[in-house]
Amino acid sequence: MYREKKTKEYTLPPLPNAEKGKVVTRFPPEPNGYLHIGHAKAAIMDYEYAKLYDGKFILRFDDTNPDKDKLEFYDAQKEDLQWLGIEWDEEYNTSDHLSKHYKLAEQLIQQGDAYVCNCTPEEIKKNRKNRIACKCRSNSIEENLELWEGILSHLTGYILRLKGDMKSDNTAMRDPTLFRIIETPHPIQGDKYRVWPTYDFAGAVEDSISGVTHPFRTKEYELRDECYFYLLDKLGLRRPYLLEFSRLSIEGMPVSKRKINPLIEKGVVTGFDDIRLPTLRGLKRRGITKQAIRNFVISQGVSKTEATVSFSLLEAENRKILDPIARRFFFIKDPIKLIVENAPEKKKAIPYHPSNRELGERIFETDKIFYIPFEDIDSLREGVIFRLKDLFNIRILEKNKVVYGEYIGEELIPDTLRIQWTTSRYIPITVFIPHSLYINDEFNENSLEEIHGIAEESIKNTSHGEIIQFERFGFVRIEHTDKGIIGFFTHR
RNA sequence: GCUCCCGUGGUGUAGUCCGGUCAAUCAUUCCGGCCUUUCGAGCCGGCAACUCGGGUUCGAAUCCCGACGGGAGCACCA
């Protein structure tokens with residue numbers, strides 16, 4: 001009987017200030033692209049912590065920038081999350097709450113805590129740098145209220161700013177922008193609104209009013225913490241327990257759109273599901289399992305230490321998942337013909353897995369013709385004995401364009417090389433091997449290696465998307481296409 | 001440049017808040033051995049770390065100061 005391997009428990013460190021049943025977390029992606037491993041880290045943390053404390057997990061689309069957000073990504077991101085096995089208790093869009101945001105904005109203006117500004121971006125930038133207040137800052141509350149009304153309806157060139165502290169050492173406090181005008185139609189709200197809150201405003205407000213107790217964000221927002229709480233205090237809203245963690249970066253796998261998008265536009269990679277990419281779709285297509293991603297992410301934890309993780313850590317997790325369940329097949333890279341005149345004709349059943357018998361077996365019908373990897377035979381001299389794995393032993397008689405061999409029995413001989421093989425009934429197959437997309441910040445021209453070879457006939461029985469192991473080669477995810485069977489090399 | 005954050009073996013990570021039980025955890029890589037009809041998996045063993053310098057203390061990976069190194073922010077993006 002095949003026995004289940006003992007699995008390591010993956011657990012998260014305790015959450016500060018957390019009470020069972022009362023924890024609420026949220027994952028707030030912006031619907032402007034496909035999710036990648038970095039998003040997965042955040043989403044899994046949010047989800048797992050909610051689960052750990054029997055709490056609630058909210059999916060919130062931070063769709064407050066119509067210039068960037070696209071309808072297709074709401075669903076695409078949900079698909080990605082579902083693939084990861086993440087379930088949310090509640091889902092909504094920040095854009096659904098805009099009228100509420102407007103009310104809060106008005107409250108700030110009325111309290112004298114926000115003002116309308118029509119300085120140019122350059123002036124604002126300069127003043128921030130020099131810690132100088134602009135003339136707009138001294139607008140009266142009445143003026144601001146009136147301008148705000150105007151902005152909501154027709155005025156252009158204005159923004160709403162928080163009256164923070166222009167003298168603060170923290171640049172995020174130097175009167176950050178709260179609302180700006182964007183005329184582009186919103187993917188969901190259409191042209192209903194033309195004034196949109198910025199992240200500083202929307203993020204803080206939504207975390208608070210949606211009842212989130214433990215919002216996680218990545219470290220680059222740290223400077224904005226002060227602003228986050230200042231705003232909530234001014235609005236009289238509850239302060240959540242804000243937590244930050246470092247971004248996840250994987251060696252040779254850029255996560256930023258700045259680096260990925262150009263490659264897609266130029267057609268250098270095939271799309272967002274290219275197997276060289278750290279997008280969830282890319283990883284999936286390559287054969288990385290969701291369990292591996294989860295274990296990997298949890299093992300990273302939520303520390304603030306920046307780390308560049310080697311992909312081999314993810315591979316190791318994936319291998320633990322795949323090894324017990326992946327069917328084994330024979331694949332021959334650079335096949336060379338082997339003729340064995342005295343070979344007995346055999347009908348041989350070979351299991352698909354060395355220990356997991358549930359995976360069944362396939363039957364080979366052999367004659368005197370075989371195909372074996374050139375690389376293996378190249379390293380052997382004439383006269384040497386090797387074994388066709390799971391079949392019988394061969395002595396090499398002659399090596400030329402074709403190899404001639406002699407059948408010399410079936411008993412196992414210790415320490416003989418055992419190599420994979422096919423009969424003449426093979427299936428041609430192309431395997432794509434991903435390598436680092438970038439090497440020292442330069443695009444790696446050889447990031448996608450293409451290998452041609454042949455596989456045993458029963459490879460036809462694989463399902464589309466099945467992840468298998470080619471013996472002595474590595475794990476491969478199989479796709480059946482119009483042009484035949486292709487494989488994506490997952491890892492060794 | 002200014003401000004903030006981070007700094008445990010090759011790589012990641014636990015421990016740092018509440019100093020002693022840390023001659024420092026776990027994983028991965030690498031190196032041996034065992035096992036195995038895969039150069040896979042499994043099992044056993046091994047190498048290998050608290051950035052540096054001061055200070056506080058009976059005692060510091062843990063607290064304080066400084067230096068150095070790395071990262072981030074300085075948007076009408078999130």
Side-chain angles (χ1 to χ4, degrees), chain A residues 3 5-6 8 10 13 16 28-33 62-65 67-69 94 117-121 124-125 128-129 131 157-161 168-174 176-182 195-200 202-203 217-226 244 246-251 257 295-296 298-301 303-317 319-320 322-324 326 328-331 350-351 353-356 376 387-393 410-414 416-420 469-475 491-492:
Chain A
R3 266 174 309 155
K5 290 203 185 72
K6 41 182 171 225
K8 188 185 167 241
Y10 290 85
E30 182 182 15
N32 68 346
D62 261 347
D63 53 351
T64 55
N65 187 348
D67 279 338
K68 293 195 169 176
D69 305 342
T94 299
C117 177
N118 68 342
C119 295
T120 64
I124 293 175
K125 189 172 182 168
R128 280 218 182 94
K129 195 177 176 213
R131 309 190 186 206
Y158 288 88
I159 58 173
L160 185 73
R161 290 225 258 166
S168 172
D169 275 345
N170 185 350
T171 49
M173 287 305 289
R174 319 234 261 245
T177 303
L178 265 20
F179 285 82
R180 77 289 205 201
I181 297 164
I182 300 175
V195 180
W196 293 90
T198 58
Y199 173 80
D200 277 324
R217 32 149 67 156
T218 43
K219 241 176 42 153
E220 66 263 27
Y221 296 117
E222 241 174 345
L223 271 328
R224 322 207 72 83
D225 285 8
E226 192 182 348
E244 265 113 10
S246 65
R247 279 197 140 178
L248 176 63
S249 48
I250 295 180
E251 215 176 349
K257 292 192 182 62
N295 293 346
F296 169 72
I298 290 177
S299 75
Q300 292 303 304
S303 83
K304 285 161 91 167
T305 317
E306 312 104 19
T308 304
V309 187
S310 152
F311 194 78
S312 65
L313 248 6
L314 220 199
E315 289 181 2
E317 296 296 348
R319 204 175 287 117
K320 284 180 204 160
L322 251 25
D323 190 77
R328 269 58 171 176
F329 291 86
F330 289 156
F331 166 72
I350 300 177
H353 192 280
S355 54
N356 186 349
D376 283 315
R387 183 177 179 87
L388 296 174
K389 186 169 180 287
D390 297 312
L391 195 65
F392 48 58
N393 306 316
E410 303 193 6
E411 73 292 349
L412 283 171
I413 305 170
T416 47
L417 186 63
R418 284 134 197 183
I419 64 181
Q420 70 276 30
Q469 188 197 66
F470 281 145
E471 293 204 31
R472 307 208 303 140
F473 182 78
F475 292 97
H491 47 68
R492 280 203 70 85

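Only heavy atoms go into these numbers, but all of them, side chains included; no hydrogens, no water, no symmetry mates. A note on names: the letters A, B, ... follow the listed sequences, proteins ahead of strands, and every chain is numbered from 1.
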Just how far, in rounded Å, is [atom2] of [N] from [atom1] of [X]?
| X | N | atom1 | atom2 | answer |
| --- | --- | --- | --- | --- |
| A:L314 | B:A27 | CG | P | 18 Å |
| A:K304 | B:U13 | NZ | P | 14 Å |
| A:R247 | B:G70 | CZ | C1' | 16 Å |
| A:E317 | B:U29 | CD | P | 10 Å |
| A:N170 | B:C5 | CG | C1' | 12 Å |

So, is [X] near the phosphate of [N], with a side-chain N or O under 4.0 Å from OP1 or OP2?
| X | N | value |
| --- | --- | --- |
| A:T64 | B:A78 | yes |
| A:R131 | B:C2 | no |
| A:R319 | B:G42 | no |
| A:R128 | B:C76 | yes |
| A:T177 | B:C76 | yes |
| A:S246 | B:G71 | no |

**Prompt:** Is there a donor and acceptor pair, one atom on the side chain of A:R418 and one on the base of B:U38, closer than 3.5 Å?
**Reply:** no
**Item:** Pair A:R174 + A:D169: basic N to acidic O under 4.0 Å
**Value:** no
**Item:** Residues A:D63 and A:T94: side-chain donor-acceptor under 3.5 angstrom
**Value:** no
